[in-house]
*Asks:* 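Quick one: the structure is below, and I'll ask about it shortly.
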Amino acid sequence: MTVQAQSGMYIGGAWRPALGEETLPVVNPADEQIVGHVPAGTPADVDAAVSAAREAFPGWAATPPAERAALIGAVRDGLAARKDEIAATVTAELGAPPALAEAVHAGLPIVVAGSYAELAATYAFEEKVGNSTVYAEPVGVVGAITPWNYPLHQIVAKVAPALAAGCTVVLKPAEDTPLTAQLFAQVVHDAGLPAGVFNLVTGLGPVAGQALAGHEGVDLVSFTGSTAVGRQIGAVAGAAVKRVALELGGKSANVILPGADLAKAVNVGVANVMANSGQTCSAWTRMLVHADVYEEAVSLAADAVAKYAPGERVGPLVNAKQLERVRGYITKGVEEGARIVAGGAEAPLEKGYYVSPTVFADVTPEMTIAQEEIFGPVISILRYEDEDDALRIANGTVYGLAGAVWAAEPETAAAFARRMDTGQVDINGGRFNPLAPFGGYKQSGVGRELGAHGLSEYLQTKSLQF
Ligand code: NAP
Ligand code: MG
């Protein structure tokens with residue numbers, strides 16, 4: 001299947017020529033071939049898109065929730081109808097193995113869009129509190145800035161709740177994965193949303209992204225990406241007294257308590273990190289194991305990782321810069337005294353931005369590889385002496401996005417999880433829930449996505465007293 005790139009921006013309900021001359025190549029990280037070009041948005045393109053979104057806002061905000069729900073349902077159906085094309089596009093620009101692209105990258109957004117079609121129709125946008133009626137009203141125009149790691153999921157997790165709330169949107173997707181965003185714009189168009197309700201400007205973060213984040217016509221900025229850029233966007237929004245939602249990095253702990261099913265905890269933990277080549281903000285990249293079973297866990301992890309062959313079950317990293325970054329972290333781990341039990345910094349394949357799935361043992365909590373987000377298929381195994389020690393290590397980073405706890409009894413694991421400074425914890429392998437709030441404690445972010453909590457981010461309240 002060939003991937004078709006659009007040469008314009010989607011603004012005000014139509015594909016319009018970009019206002020600048022420059023284009024950006026889109027590269028397939030599996031073979032380093034260019035698969036298309038997209039326009040590099042300028043501040044003038046962002047201006048045009050924000051104007052279109054502002055113009056569309058009053059009408060969309062006043063559209064009955066049931067009608068908004070029906071249109072979001074049509075977007076969901078469009079995503080389902082084009083599932084194969086979406087998966088092929090994610091494979092082409094992110095390098096995701098086809099099975100992962102179909103199940104997760106194309107599959108999850110259908111579920112999330114469907115959940116917001118339902119929530120838009122059922123959410124209580126009005127409630128009585130004593131002698132008051134409290135209305136939940138849309139915040140206004142949303143500037144959405146998304147990363148490349150889950151290109152369509154990150155878009156839908158912002159756009160669907162924004163639309164459900166009655167907000168209008170301007171999206172600036174990651175420069176590495178703009179084709180999936182263009183496909184989404186086409187789905188929105190075909191679903192028949194009113195002109196200007198959703199707008200797309202492709203381009204570079206420091207140009208188009210920055211213009212959008214600082215635009216005075218934007219009422220709320222929703223950003224997912226690095227903590228460094230998130231901090232900058234938060235500062236600009238704060239100065240303008242503007243709402244902001246930040247989904248930033250993570251360094252999540254997979255805590256295996258004594259008595260847990262060790263083989264299961266290790267295998268699921270390894271799978272969690274290897275999925276999407278480790279490019280998942282909520283990945284459990286630190287495995288915490290009791291001293292008594294430490295060496296057993298290390299050899300189980302090394303065996304598990306051997307089943308993830310680069311180019312087969314594990315795709316490449318998104319670009320050459322991320323490859324160098326991740327290899328740099330592996331080198332740093334060795335320099336700081338950690339022991340490599342699988343993988344390493346050498347390139348496993350001749351072509352493509354591949355890194356070997358890597359497991360480090362003898363990692364101590366203060367090491368760089370135990371503190372910083374690596375964003376690659378790299379696992380650090382840390383040793384703890386007792387539960388308090390495990391908790392100290394689990395909570396001992398600036399991040400707090402996700403985590404896992406394993407124990408013989410779920411109650412034991414849940415009690416430990418309640419003491420963790422983190423936004424979500426999977427108990428004994430609990431499944432991902434697309435309706436559960438997703439977001440971070442500490443420097444992992446501000447705000448929540450998904451489900452009703454995700455919808456409320458795009459609402460502000462007004463109370464009328466009678
Ligand atoms: P990033 O620069 O933060 O990118 C995220 C989004 O922000 C992209 O759309 C990016 O555009 C845009 N952006 C960049 N600079 C901007 C600015 N000054 N103003 C407004 N928008 C801006 O992240 P990255 O460089 O792609 O990845 C670096 C690291 O971030 C990764 O190694 C990982 O640790 C972390 N990360 C985390 C997540 C997550 O889900 N939490 C996702 C991706 C990356 P461009 O695409 O043009 O840069
Ligand atoms: Mg960047």
Side-chain angles (χ1 to χ4, degrees), residues 22-27 29 38-43 46 93-94 105 143-155 157-158 170-181 200-215 218 221-237 244-252 275-283 285 317-329 353 355 368-369 371-378 397-402 423 438-440 442-447 449-450:
E22 283 173 32
T23 62
L24 303 171
V26 183
V27 175
V38 299
T42 61
V46 171
E93 62 184 1
L94 182 65
H105 291 292
I145 300 174
T146 54
W148 41 262
N149 58 332
Y150 288 89
L152 186 60
H153 170 66
Q154 313 278 16
I155 290 171
K158 296 187 190 311
V170 176
L171 168 68
K172 202 304 280 179
E175 64 187 272
D176 289 307
T177 55
L179 301 177
T180 307
L200 170 69
V201 176
T202 52
L204 299 174
V207 183
Q210 202 164 310
L212 181 60
H215 201 291
V218 170
V221 181
S222 180
F223 169 84
T224 299
S226 63
T227 298
V229 175
R231 189 175 281 128
Q232 228 176 299
I233 286 175
V236 171
V244 68
L246 304 171
E247 297 288 342
L248 308 177
K251 191 71 192 173
S252 299
N276 215 36
S277 312
Q279 303 170 121
T280 305
C281 45
S282 55
T285 51
L317 299 184
V318 70
N319 58 37
K321 191 173 145 208
Q322 286 299 112
L323 175 64
E324 281 324 302
R325 204 183 127 95
V326 171
R327 292 172 70 180
Y329 275 117
Y353 308 129
V355 64
T368 306
I369 56 168
Q371 287 292 325
E372 296 184 14
E373 184 173 50
I374 297 175
F375 237 58
V378 181
T397 76
V398 297
Y399 294 113
L401 187 55
F438 184 95
K442 301 193 286 185
Q443 288 182 33
S444 285
V446 176
E449 294 196 312
L450 303 180

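Atoms considered below: every heavy atom in the structure, side chains included; atoms not considered: hydrogens, waters and symmetry mates. Ligands are counted one by one from 1 in listed order, and the atoms in each one are counted from 1 as well.
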*Asks:* Between CG of Asn149 and CD of Gln154, what distance do you get to the nearest 0.5 Å?
*Replies:*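 Reported to 0.5 Å precision, the distance equals 5.0 Å.
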
*Asks:* Would you say Lys172's side chain and Gly203's backbone share a donor-acceptor pair under 3.5 angstrom?
*Replies:*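 The answer is yes, because a donor-acceptor pair under 3.5 Å joins these two groups.
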
*Asks:* Of Val46, Thr42, Leu212, which is the lone residue that meets side-chain contact (heavy atoms from CB on, under 4.5 Å) with Val201?
*Replies:*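 Filter result, single survivor: Val46.
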
*Asks:* For atom 5 (C) of ligand 1, which candidate among Val221, Thr224, Ile145 holds the nearest heavy atom?
*Replies:*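 Among Val221, Thr224, Ile145, the closest heavy atom to atom 5 (C) of ligand 1 belongs to Thr224.
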
*Asks:* Do ligand 1 and Leu248 have nitrogen or oxygen atoms that lie under 3.5 Å from each other?
*Replies:*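 Right, the criterion is met.
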
*Asks:* Just which atoms of ligand 1 are under 4.0 Å from any heavy atom in Glu373?
*Replies:*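 That gives atoms 33 (C), 34 (O), 35 (C) of ligand 1.
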
*Asks:* Give, for atom CD of Glu372 and atom OG1 of Thr227, the distance between the pair rounded to the nearest 0.5 Å.
*Replies:*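 Here the interatomic distance stands at 10.5 Å.
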
*Asks:* Does ligand 1 come near enough to Lys172 that some N or O of the ligand is less than 3.5 Å from an N or O of the residue?
*Replies:*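 N/O-N/O distance below 3.5 Å exists for this pair.
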
*Asks:* Would you mind listing which atoms of ligand 1 come within a distance below 4.0 Å of any non-hydrogen atom of Ile233?
*Replies:*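 Answer, ordered by atom number: 20 (C).
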
*Asks:* Examine ligand 1 and decide if any of its atoms is less than 4.0 Å from a heavy atom belonging to Tyr150.
*Replies:* no

*Asks:* Counting heavy atoms only, which of Ser226, Gly209, Gly143 is nearest atom 20 (C) of ligand 1?
*Replies:*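 Answer by nearest heavy atom: Gly209.
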
*Asks:* Could you tell me which atoms of ligand 1, counted from 1 in the order shown, lie closer than 4.0 angstrom to a heavy atom of Gln232?
*Replies:* 18 (N)

*Asks:* Is Glu93 reaching over with its side chain to a backbone N or O of Thr180, donor-acceptor style, under 3.5 angstrom?
*Replies:*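 Present.
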
*Asks:* Is the shortest distance from a Lys or Arg side-chain nitrogen in Glu324 or Arg327 to a carboxylate oxygen in the other one below 4.0 Å?
*Replies:* yes

*Asks:* Can you name the atoms of ligand 1, numbered from 1 with element, that are less than 4.0 Å from a heavy atom of Thr146?
*Replies:* 6 (C), 8 (C), 9 (O)

*Asks:* I'd like to know whether ligand 1 has Pro173 as a neighbour, heavy-atom separation below 4.0 Å.
*Replies:*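 Judged by the 4.0 Å heavy-atom criterion, Pro173 does count as contacting ligand 1.
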
*Asks:* When you measure from the side chain of Lys158 to the backbone N and O of Leu171, does any donor-acceptor pair fall under 3.5 Å?
*Replies:*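 It does not hold such a pair.
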
*Asks:* Hey, which atoms in ligand 1 end up nearer than 4.0 Å to a heavy atom of Gln210?
*Replies:*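 Those qualifying, in numeric order: 18 (N), 19 (N), 20 (C).
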
*Asks:* Just let me know how Ala213 lines up against ligand 1, side chain, backbone, both or neither, with a heavy-atom cut-off below 4.0 Å.
*Replies:*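 Under 4.0 Å from ligand 1, Ala213 contributes no heavy atoms.
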
*Asks:* Could you tell me, atom by atom, which parts of ligand 1 come under 4.0 Å of a heavy atom of Leu204?
*Replies:*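 Every atom of ligand 1 under 4.0 Å from some heavy atom of Leu204: 47 (O).
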
*Asks:* Against ligand 1, does Arg325 come closer than 4.0 Å with any heavy atom?
*Replies:*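 Yes; Arg325 lies near enough to ligand 1 that a heavy-atom distance drops under 4.0 Å.
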
*Asks:* Among Val229, Thr202, Thr227, Val236, which one has a heavy atom closest to atom 16 (C) of ligand 1?
*Replies:*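 Considering heavy atoms of Val229, Thr202, Thr227, Val236, the nearest to atom 16 (C) of ligand 1 sits in Val229.
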
*Asks:* Are the side chain of Lys251 and the backbone N or O of Glu373 linked by a donor-acceptor pair below 3.5 Å?
*Replies:*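 Checked: no pair found.
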
*Asks:* Lys321 versus ligand 1: do any nitrogen or oxygen atoms come within less than 3.5 Å of each other?
*Replies:* no

*Asks:* For ligand 1, which atoms sit closer than 4.0 Å to a heavy atom of Pro147?
*Replies:* 42 (C), 43 (C)

*Asks:* Sort out for me which residue in Thr146, Thr177, Thr224, Leu200 forms a side-chain contact (heavy atoms from CB on, under 4.5 Å) with Ile155.
*Replies:*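 The single option meeting the side-chain contact (heavy atoms from CB on, under 4.5 Å) with Ile155 is Thr146.
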
*Asks:* Under the 3.5 angstrom rule, does the side chain of Ser277 hit a backbone N or O of Gln279 as a donor-acceptor pair?
*Replies:* no

*Asks:* Can you sort out which atoms of ligand 1 are near Cys281, meaning under 4.0 Å from one of its heavy atoms?
*Replies:*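 Answer for ligand 1: 39 (C), 40 (O), 41 (N).
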
*Asks:* Check whether Ser444 reaches the backbone of Gly249 with its side chain - one donor and one acceptor, N or O, closer than 3.5 Å.
*Replies:* yes

